[in-house]
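If you're wondering where the values come from, they're calculated on a predicted model, not measured in any experiment. The figures that follow rest on heavy atoms only: side chains count, while hydrogens, waters and symmetry mates do not. One-based numbering, in listed order, for ligands and for the atoms of each.
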Amino acid sequence: MSVLIFIDQTEGHVKKSSLEAITYGADLAKQMGTTAEGVVLGTVTEDLSALGKYGVTKIHQVANDTLNHLDAQLYASVISEAATASGANVIVFSHNQTGKAVAARVAAKLKAGLVAGACALPDTSNGFVVKKTVFSGKAFANISIQSTLKVISLNPNSYKTVATEGTAAVAAFAATVGQPRVKVTTVNKITGEVPLTEADIVVSGGRGLKGPENWGILLDLAKELGAATACSRPVGDAHWRPHHEHVGQTGVQVAPNLYIAIGISGAIQHLAGVNRSKVIVVINKDPEAPFFKAADYGIVGDAFEVVPQLTAAIKN
Ligand SMILES: Cc1cc2nc3c(=O)[nH]c(=O)nc-3n(C[C@H](O)[C@H](O)[C@H](O)COP(=O)(O)OP(=O)(O)OC[C@H]3O[C@@H](n4cnc5c(N)ncnc54)[C@H](O)[C@@H]3O)c2cc1C
């Protein structure tokens with residue numbers, strides 16, 4: 001009996017959301033009186049044993065190049081094999097793009113109950129009850145998993161990463177890696193920008209910025225903060241900004257530590273993609289803009305005056 005955490009990596013580096021999943025899995029293991037182990041797929045360049053400081057005692061690595069790119073079916077079969085071999089009865093994923101694609105497949109393979117989008121440690125005092133966000137973060141549900149095997153995917157940014165002392169034993173795991181059913185032919189990398197889903201800070205613009213020619217003030221602020229940039233859907237639709245920056249219900253869902261919304265009204269479909277951000281700052285000239293209700297800090301003012309002043313203040 002143990003907790004197995006899927007450690008997600010990109011280009012050889014462990015993702016930040018995986019550190020949260022490891023801390024969460026390790027705390028859950030402690031609560032259950034058991035140990036936490038990790039499984040990592042593909043070639044990793046960083047020192048995996050150092051992840052022991054987040055609470056895993058052992059990491060099973062399947063260092064097969066075929067697994068360097070996400071193939072949900074392959075990943076699910078390898079992780080299921082690792083879970084069975086390690087005797088895990090809880091498997092933890094981050095609820096990111098990979099976790100969303102793989103966790104449900106693992107649950108189906110192992111006939112395990114799944115809670116996708118958990119936001120707190122399960123209550124194990126009487127059964128196994130997992131709290132998750134529902135209705136785009138507007139409410140919570142407590143779900144009881146009845147099966148022996150359990151799969152949980154953890155919402156990014158909902159559990160604090162804690163590093164202490166410790167190293168993990170890293171062992172090669174000889175899994176059966178089948179033939180991938182999809183082949184990555186080209187990768188078009190957006191260089192020089194902070195990836196939106198991994199960013200600590202996101203600066204986002206809406207129709208209030210009037211046109212693409214005005215984006216310089218937002219880009220200056222983002223550069224000063226080392227932030228990723230995002231936009232509302234109409235901005236993406238009008239091609240003022242690339243589509244991959246569109247956040248919201250129908251776009252990318254983000255959960256940074258700080259989300260700065262400039263000239264965005266705060267429609268429910270926009271909020272659905274950003275309301276898990278730790279701190280929300282809204283800059284809008286209309287004091288009645290709905291976004292202020294979801295904001296931690298608000299500045300009522302003209303973005304063209306406020307944003308350059310904010311950038312200058314940060315610079316100083
Ligand atoms: C099915 C469906 C799905 C959708 N999915 C998404 C989604 O995923 N993401 C998304 O963003 N939208 C989505 N939408 C659209 C959404 O409903 C809103 O229309 C959209 O978010 C509005 O974008 P906006 O806030 O940029 O523009 P507006 O609503 O036009 O708001 C502009 C804001 O800028 C302010 N402003 C104007 N000038 C200034 C200035 N000089 N300084 C400061 N503030 C200023 C205004 O007061 C206003 O609040 C969806 C809609 C539907 C129906």
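Hydrophobic clustering (ILVMFWY, side-chain heavy atoms < 4.5 Å, transitive): V78 and V106 are in one cluster.
Atom numbering of ligand 1 starts at 1 in the shown order; those under 4.0 Å from a heavy atom of A267 are 16 (C), 17 (O), 18 (C), 21 (O). Here is the list of ligand 1 atoms found below 4.0 Å of a heavy atom in F304: 41 (N). Counting atoms of ligand 1 from 1 in the listed order, those under 4.0 Å from a heavy atom of G206 are 26 (O). Close approach of ligand 1 to D286 (heavy-atom distance below 4.0 Å) involves ligand atoms 47 (O). Ligand 1 places these atoms under 4.0 Å from at least one heavy atom of V247: 7 (C), 8 (O), 9 (N), 10 (C), 11 (O). For ligand 1, the atoms lying closer than 4.0 Å to a non-hydrogen atom of Q249 are 7 (C), 8 (O). Close contacts between ligand 1 and G251 involve ligand atoms 8 (O) [criterion: under 4.0 Å to a heavy atom]. Short contacts between ligand 1 and G301, defined as distances under 4.0 Å to a heavy atom of the residue, involve ligand atoms 42 (N), 43 (C).
Contacts of P234 with ligand 1, taken as heavy-atom pairs under 4.0 Å, involve the side chain alone. Contacts with ligand 1 closer than 4.0 Å are made by no heavy atom of I268, backbone or side chain.
With hydrogens and angles ignored, the 3.5 Å screen pairs no side-chain donor or acceptor of N155 with any backbone N or O of K132. Judged purely by atom type and a 3.5 angstrom limit, S18 has no side-chain atom pairing as donor or acceptor with the backbone of V14. Without hydrogens or angle criteria, N316 side chain to A312 main chain gives a donor-acceptor distance under 3.5 Å.
At least one side-chain heavy atom of V307 sits less than 4.5 Å from a side-chain heavy atom of T311.
Each of L67, L74, L70 was scored for a side chain to side chain contact (heavy atoms under 4.5 Å, CB included) with P180, with one residue passing: L74.
Nearest heavy-atom pair across A141 and V134 is CB-CG1, 3.9 Å.
Backbone and side-chain nitrogen or oxygen atoms of G263 are examined, and one is located within less than 3.5 angstrom of a nitrogen or oxygen of ligand 1.
Of the charged side-chain nitrogens involved, at least one lies within less than 4.0 Å of a carboxylate oxygen, so that K16 and D200 count as a salt-bridged pair.
Using a 4.0 Å heavy-atom cutoff, N284 is listed among the residues neighbouring ligand 1.
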